[in-house]
Amino acid sequence: MSSETDRLAHIERKPLYPCIQCGKCTGGCPISVVSPHFNIRKLLYDTLNSEGENIAYEKETLWDCSTCMTCVKRCPKNIKHTDMIISMRSVLVEDGHLPPKIRDVLKSISVRGNPWGIGQEKRSEWAQGLNIKGIADAEILYYVGCTPAFDSRLQKVAIALATVLTKAGINFGTLGNDEVCCGNEIRRMGDIWSFDALKEMNLEMFKQFPIKQIITTSPHCYNTFKNEYPELTVDVKHYTQVVSELIKKKKLKFSKKLEKTVTYHDPCFLGRQNQIYDEPRAILQSIPGIKFVELDRARERSLCCEGGGGRMWIEAHEAKERTATIRVQDALERGAEILATACPFCILTLEDAVKSTGVEDRIKVCDIMELVTQVME
Amino acid sequence: MGNVKLGVYICHCGININSTVDVEKLTQFAATLPHVTIAKNYIYLCSDPGQELIKKDIKELGLNRIVVASCSPRMHEMTFRKVLRNAGLNPYCLEIANIREHCSWVHEDKAKATQKARGLLAASVAKAGLLEPLEEKEVDVIPSALVIGGGIAGIQAALEIADKGFKVYLVEKEPSIGGHMMQLDKTFPTLDCSACILTPKMSDVGNHPNIEMHTYSEVTDVKGYVGNFKVTIKKKPRYIVEDKCNACGTCVAYCPVEMPDEFNLNLSKTKCLYIPFPQAVPARFVINPAYCRYTLRRECKQCEPVCKDLKAIDLKQKEKFIEVDVGTIVVATGFDTFDPRLKPELGYGLYPNVITGLEFERLSSASGPTLGDIMIDGKKPKDVVFVQCVGSRDKSIGNEYCSRVCCMYTAKQAHLVRDKIPDARITAFYIDVRAFGKGFEEFYDRVKEEGIMYRRGNVSEVFKRGDKLIVRAEDTLLGQPVEVEADLVVLAVGMVPRADSPAIAKLLKLSQSTDKFFYEAHPKLRPMDTASDGIFLAGCCQGPKDIPDTVAQACGAASRACTPLAQGKVKTEALVSFADERTCRGCELCVEVCPYEAIELKTVERDGHLLQIAAVNEVICKGCGQCVAACLCGAMQQKSFTDEQMLAVIAALGERYE
C-alpha cells in the first residue's frame, strides 16, 4: 500500500459538500433495485465524514455501480457521484487491491489493448470476407470496439453495420488490428492511468489519417470519444445517428417485411447520458411490417441493464436478481417478440437474462442493425 | 475656476478601511494636494458626529468643494450630499473617492493598498477642483398610478392607492381579475375558501370610484419617467359590449364550439363564448377568437341574435388602444407554475393520474371540473402520494431557489384529501418541511395528526406496475429505497417567472435576478423598488411568496408608489447631459440612442446657415450618459463627468505616488 503522502489517487471531497442527502440518487439507482447493500447516498455521506483514502477499502459494494449516471442526471445539486466512485476505485487500482476479474481485465488492457484477454492479431477476424478497407484509404473511421470485434455474439452486429454502411456507399475504413480499447470502461473501473495511456495512443493513431468522422458501434466508445477526449476535434457519431440519417435520405432500400412486435431498450450511455433517444426509434419505425411498442420505463427512465462501469466482469454484491431480468419481463408484458437495443453490453446482459429465465421461445434480443439487415435487399 | 477651497475627509470605516489603508499617511498626503485647505480623518464619517465634522468645517473655513474618501458612492453619496446641502453648500460640489470597495476590501498588501488609495484620492481631488454647482429641477407629478396585473397583489395595491385618494388604472390580461388565487380551493393555514376571501376585494375594485379597470387588456408601451409616464393600453376585443352585457348567460347554450377550459387548467371543456368563472369581475362574457367560427371563418353567428334586447354581442368588435398618463407604476404580474414535463422521470403527461398542485386545487374546488370531489377517471383514489420540491431547489433544471409555498400547500392539500376521502392512504415525500410563517408549524402538526405519513426522500421516479402507479424514492431515514403504490400522484410544482416576463421587463426596463424573477432595488432594504424610479414590484413577479406576504408587499409597494403622488412634485436628475451649441453637428445619433427620448432638436444659426442640433430636455434626462458615449465629435458632455474633469482624473491616476 502506498504511503499516504506520495499517493497518486485522491478522493476529492469539495464537490460533495453541497449534498443535502435528499436521497434522489439512491431512489433512482438501478442497482438499489436488486442489491440491498449499494446505497450511493450513504456512500457519499460516509465519504464526506471521512478523511484520506482509506474509505475505499471499507466499501465492498464499490464495484456494484454501473456508472449509468441516473443519480448524476437527477441530482438537484448537480453532484457528480460517478466521479467520486471512480476516484475511490482508483485508490484500489493504485494499490492493486482488486477483485480478481477486474484485475484480469486491467491486465488484459495493458498487454493486449482489449479487456477480453484475446490477442490483438485476432481483432479484425470478424471482418473476414467483407472487403473492408483500412482507414488509410477512407475518410470515415468505423471504430468497431473491443466487444463487437472479439465477442462472437456481437461480431454479428459489426458485420451487419459494416454491410449496411457499404451498401449505402459510405467511404469508411477501420483501424484493423491496430485498434485499441477506447478506455470508457477502463476509466470507470478506476484505472485512470491506463485510460490516459489509451487516450494518448488513440489520439496519436487518429492523427495519422485525415479522418472526417468516427462512427462507433458501442455507445460506450461514443461517450468517451465525445465527452472525455477533449483533444479530439473529429466529429463523433454513434451508428444510430448515421443510419437514421441514411434512412431519412432514402439511401437504404427495404424490400422485405419484419412482422413482429418490437420494443426498444434505451442504453444508458446512448440515451440518458447523451440524449440520443429519437434516432434509434426512427430506424425501428421505418422497418416495414414492425409493430413498435414503447416500454413503460423508456427514455430517461430506462432501467440500466448493469452492463457498464465494469459490471460486465463482476456481479453486484449479494444481489437478489438482475435488472436485466426485470427488463426482459417489462418487454414481455408489453407483448414484445423482439427486444431491440443499440449497445453491445445491453445485448449481452439482456440475452443472458432471456436465457437464464428460459423465455427464448417468447422473445429475442436483437441489435437494431440486425433488424435492418433482415429487411434490406 | 475661482478660489477653490477644498476639504478632504477620510473615513476609517471602523477597521474596514483602516486595517488595510493607512489613513494617517493618507491624510498627510491629502494635505499636499492642490487646492486642499484641510484634510482630516474620522472613524465613521457617515455617523452624526462625522457629518457634523464636515458641516462645521464648511461653515467655519468657508470650504466650497468636499472630497470624501470612504465607501462606494452607492452607499453614502446621498448622505454626504445632504450634509453639504445642510451646510449651505451646493450638494454637487462633492466628490467621493471609493477607497473601500475599490481598495481596502479587495487588496491585502497594506503598502500597495495605501499607495493605490493615494492615487484614487488625488484623482478625486483633481476632479473636485473642476466641479460646478448644479441645479436640481422639480416637475409636477400626475396624481394617478398604473397597476399592471389583477391578481391578489394588483388588487391589493390598487385598493390601497385608490383609498388614499389617487386614481388607479388597473390593467389585467385575462377577462377577469382574480389571478391564480381564484383557482385555489382553501388557503393555508386558516383553510379559508380562497374565492370567498378574494371576491369581496374584487368587488371593491369593481365598485371603487378611483379605480378604472381594464380587463382583457395589455400594456403595450410605456414612455416617460417618474411622475410623468405615458402608457399605451391595448384592449382586446371581447366581441361583447361591456356596458350592455348583464351576464345572464342565455347565449351560451347557442354556441356550438367547445374549447379547453383554461381556468380549469384544461381538465374540462367550456364553450368559446364563456365567462371565466362565476364570480368574475367584471361579470361579462367573452368570445375566444381562436375558436369562434365567426372570427375564424365568418361562419355560425348563432349567438348574436339571441341577445336581441340588450344587443350585447358585437362580432365585429376591434381591438382598441388607449393612452393614459400616470405618475407611478406598480408591477404585479404574478407567476406561472413549473411545467413538470421538464422532469420526465415523474411521469407527468404520461400518466393521467399524475397531476400538479394547481390541478389538484381545481379538482378540490367546488366550482371545478369534478365539483369538489377528488376523482381520477371517475374514481376516488385510495392511495394518494404527494411529491414535494418539483422544479424547485433543483440545479439540474436551473431553478435553484425554494418556491416557499409548496411545503405548506402540500400539507393543506393532504388535509383536503383526508377530509374528502377519510380512508385514503396519504403519503407525502419531502426533503424538508418549511413551515416558517405564522400558524404554519401548528398547521403542519395538525395535518400529520390526521394520519398523513411524511416520508423523507426526494422522489426519483414514478412508473407503472399493472394498473397502479409506483412512486419510488429512498426513505433516507430508513436508509433504503421504498416503492409506494399510488392511484393519484400530486406534484408540488414550484413557481417560475411568467413566460412573458422578458417582454414586460423590456417594456419597463426592469432587470431580472439570477432566478429570472424581477430584480428589486435592494433585496433587504428596498424589496419593492426597482432600479427605475417610480416603478415598483408587488407579489410573486418579484419572487415566490404566499398570500399574506403578497398582500403585505402590495401594501408596501402601493405606499411607495404614493409617495411621489402625495408630494405632488419630484426632483429631477442634476447630472444631466448637455450639447455644446457651437460644436454639435446635428447628426442625431444621440437622439437615436437615448432610452428616455430626452433629446429634442432645436434650430440654430451657424455662419449664416440654419442647422438642427441636439437639445437635452433636462427634466426628462436621467443622466445615463449613452448620448455622451455615442457623440462622435464630443459636443455632448455630462455635467460632473465632462471630458475636462475626466481627463484630470486620468492624469492624476497616472502619476506615481510614494
Side-chain angles (χ1 to χ4, degrees), chain A residues 15 18-46 61 68-81 266 271-272 275 277 293-304 320 323 326-327 329-330 333-334, chain B residues 338 340-351 354 385 387-403 406 429-434 455-484 494:
Chain A
C19 173
I20 55 170
Q21 289 286 293
C22 72
K24 187 116 171 165
C25 46
T26 299
C29 175
I31 312 303
S32 75
V33 175
V34 293
S35 161
H37 302 293
F38 183 68
N39 186 324
I40 184 71
R41 173 197 55 84
K42 188 160 192 301
L43 180 59
L44 200 158
Y45 200 58
D46 288 343
T61 56
C68 72
M69 287 177 84
T70 305
C71 49
V72 175
K73 293 294 178 192
R74 292 182 186 171
C75 177
K77 300 297 175 188
N78 278 354
I79 296 194
K80 313 271 182 268
H81 310 64
D266 288 281
R272 180 176 310 109
Q275 278 80 55
Y277 299 110
V293 293
E294 280 279 13
L295 290 169
D296 176 53
R297 297 181 70 169
R299 304 175 82 100
E300 298 89 355
R301 296 180 307 147
S302 180
L303 184 64
C304 174
K320 54 182 197 255
T323 54
I326 300 175
R327 240 12 206 155
Q329 269 306 116
D330 287 347
E333 266 165 37
R334 281 294 199 217
Chain B
F338 173 74
R341 271 175 283 243
L342 294 169
K343 303 289 288 174
E345 63 267 24
L346 298 176
Y348 181 80
L350 257 163
Y351 310 118
V354 176
V385 175
V387 177
Q388 289 189 190
C389 289
V390 177
S392 311
R393 304 179 68 188
D394 195 338
K395 278 186 186 165
S396 74
I397 39 106
N399 292 353
E400 292 189 40
Y401 55 88
C402 166
S403 285
C406 329
F429 280 98
Y430 68 98
I431 310 175
D432 293 291
V433 176
R434 295 182 166 176
R455 300 195 79 160
R456 196 202 178 255
N458 191 357
V459 168
S460 194
E461 229 171 78
V462 176
F463 55 91
K464 221 155 180 220
R465 194 177 285 152
D467 56 349
K468 281 271 197 189
L469 287 180
I470 304 289
V471 176
R472 188 182 162 84
E474 190 206 357
D475 183 325
T476 61
L477 299 176
L478 278 181
Q480 61 201 38
V482 295
E483 291 184 351
V484 177

Side chain, backbone, both or neither: which part of A:Arg297 has a non-hydrogen atom closer than 4.5 Å to chain B? side chain
State whether the number of non-hydrogen atoms from other residues, nucleotides or ligands found under 6.0 Å of B:Lys343 atom NZ is greater than 12. yes
Look at atom OH of A:Tyr277 and say whether more than 12 heavy atoms of other residues, nucleotides or ligands are closer to it than 6.0 Å. yes
Non-hydrogen atoms of chain A under 4.5 Å away: do they reach the side chain of [X], the backbone, both or neither?
X        : result
B:Tyr430 : neither
B:Ile397 : neither
B:Arg456 : side chain

Residue-level interface, residues 473-480 of chain B with chain A, non-hydrogen cut-off under 4.5 Å: B:Ala473, B:Glu474, B:Thr476, B:Gly479
Please name the pair of heavy atoms, one in B:Ser396 and one in A:Lys73, separated by the smallest distance, quoted to 0.1 Å. CB-O, 3.9 Å
Would you say B:Glu345 and A:Thr70 make side-chain contact, with heavy atoms under 4.5 Å? no
Taking the side chain as C-beta and beyond, is there a heavy-atom pair between A:Asp296 and B:Tyr351 under 4.5 Å? yes
Any residue meeting side-chain hydrogen bond (donor to acceptor under 3.5 Å, both in side chains) with A:Glu333, in chain and number order, not counting sequence neighbours: none
Taking side-chain hydrogen bond (donor to acceptor under 3.5 Å, both in side chains) as the test, write out the residues that go with A:Lys77, two or more places apart. none
Chain A: which of B:Lys464, B:Arg465, B:Glu400, B:Arg472 shares the most heavy-atom pairs with it under 4.5 Å? B:Arg472
Give me the contact list for residues 29-38 of chain A versus chain B, heavy atoms only, anything under 4.5 Å, ordered by residue number. A:Cys29, A:Ser32, A:Val33
Looking at chain B, which one of A:Val72, A:Asn39, A:Asp330 has the largest number of heavy-atom pairs inside 4.5 Å, strictly under? A:Asn39
Out of A:Arg41, A:Arg299, A:Glu300, A:Gln21, which one racks up the most heavy-atom pairs below 4.5 Å with chain B? A:Arg41
Please answer whether the main-chain N or O of B:Val462 pairs with a side-chain N or O of A:Arg301 as donor and acceptor at a distance below 3.5 Å. yes
Treating B:Arg393 as the side-chain partner and A:Pro76 as the backbone partner, does any N or O pair qualify as donor plus acceptor under 3.5 Å? no
As an exercise, state the distance from CG of B:Asp394 to NZ of A:Lys24, rounded to the nearest 0.5 Å. 6.5 Å
